[in-house]
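Report on the following structure.
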Amino acid sequence: MRIATIHGYATSTVKHRSLEGWRLLLAVPESPDLAPQIVLDSLGAAIGQRVLISSDGSEARKIVKDERSPARWSVMGIIDPERDLNVG
Amino acid sequence: MGTVIGRVTLSVRHPRYVGERLMLTLPWNRDTLNGEQIHDPAIVVYDELGAGVGDKIAISEGREAACPFEKPCPVDAYCAALVDEHFYKK
């Protein structure tokens, strides 16, 4: 999984049927080695929030309930702002 | 995200690629998002949605790219959506 910040969203009318009705957010990972990703969001993450994203497609397919979905990155959780400062 | 810049046609091909649309696409990186004409190196994306040159598309890379196909097939980048608009706040 990666930590990323939501910087926006993408709208699409022509897309794989499994993505119908799902929010597609624009997540910019904090580690520079990974390019910005369009992520499937089922948790209602907002722009500016830090989230945990996963590239486990099987999880994304469970969310959209379609075993043929090409969905890969999805939001696994929204990181609490206060608690993530006291590290260890 | 990526921008379609062309199409790849194959006369000799893997049997699974018969009748396919393979679009040459420039994947976006942070600079692209900030409005610069800089992209990651081009990749070829399998498209079933009718993406055209200049279209913004959402790309699914890796194993998930082969999920939409009944038979296992050698696709590792798939066009999951034609992006109408994208909103980006720095």
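Chain letters run A, B, ... following the sequence lines, proteins first, then strands; residues in each count from 1.
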Assert top hit (heavy-atom pairs under 4.5 Å, partner chain B, pool A:Q37, A:E67, A:K15) equals A:K15

Proximal component of A:T5, with respect to chain B [non-hydrogen, under 4.5 Å]: neither

Residue selection (most heavy-atom pairs with chain B, distance under 4.5 Å) from A:H7, A:R61, A:H16: A:H7

Would you check if there is a donor-acceptor pair between the side chains of A:W22 and A:S42 at a distance under 3.5 Å? no

How many angstroms lie between atom CG of A:L43 and atom CG of A:L52, to the nearest 0.5 angstrom? 10.0 Å

Below 4.0 angstrom, N of the basic side chain to O of the carboxylate: do A:R2 and A:D33 qualify? yes

When only pairs under 4.5 Å are counted, which of A:G57, A:S58, A:A60 shares the most heavy-atom pairs with chain B? A:G57

Less than 4.0 Å between a side-chain N and a carboxylate O, is that true for A:E59 and A:K62? yes

Between chain A and each of B:K89, B:R30, B:M1, count heavy-atom pairs under 4.5 Å; write down the option with the most. B:R30

So, the part of B:E48 with a heavy atom under 4.5 Å from chain A: the answer is neither

Interchain contact, B:Y88 with chain A, by part (heavy-atom threshold 4.5 Å): both

Go through the atoms of B:K56 and report whether side chain, backbone, both or neither lie under 4.5 Å from a heavy atom of chain A. neither

Could you measure the distance from the CE atom of B:M23 to the CG atom of B:D47? Nearest 0.5 Å is fine. 6.0 Å

Students often mix this up, so state it plainly: with edges at 30° and 60°, are the rings of B:H39 and B:W28 parallel, tilted or perpendicular? perpendicular

Test item: B:N29 side-chain N/O and B:D31 main-chain N/O as donor-acceptor pair under 3.5 Å: yes

I'd like to verify something: which residue of A:P36, A:S55, A:A71, A:A10 has the highest number of heavy-atom pairs under 4.5 Å with chain B? A:P36

Part of A:L34 lying under 4.5 Å from any heavy atom of chain B: backbone

Side-chain contact, heavy-atom cut-off 4.5 Å: B:N34 with B:K90? yes

Does any non-hydrogen side-chain atom of A:Y9 lie less than 4.5 Å from one of A:L24? no

Out of A:G8, A:S18, A:S12, which one racks up the most heavy-atom pairs below 4.5 Å with chain B? A:S12

Counting heavy-atom pairs under 4.5 Å with chain B, which one of A:G48, A:S69, A:P29 comes out on top? A:P29

Counting only non-hydrogen atoms closer than 4.5 Å, does B:L82 touch chain A with its backbone (N, CA, C, O), its side chain (CB onward), both, or neither? both

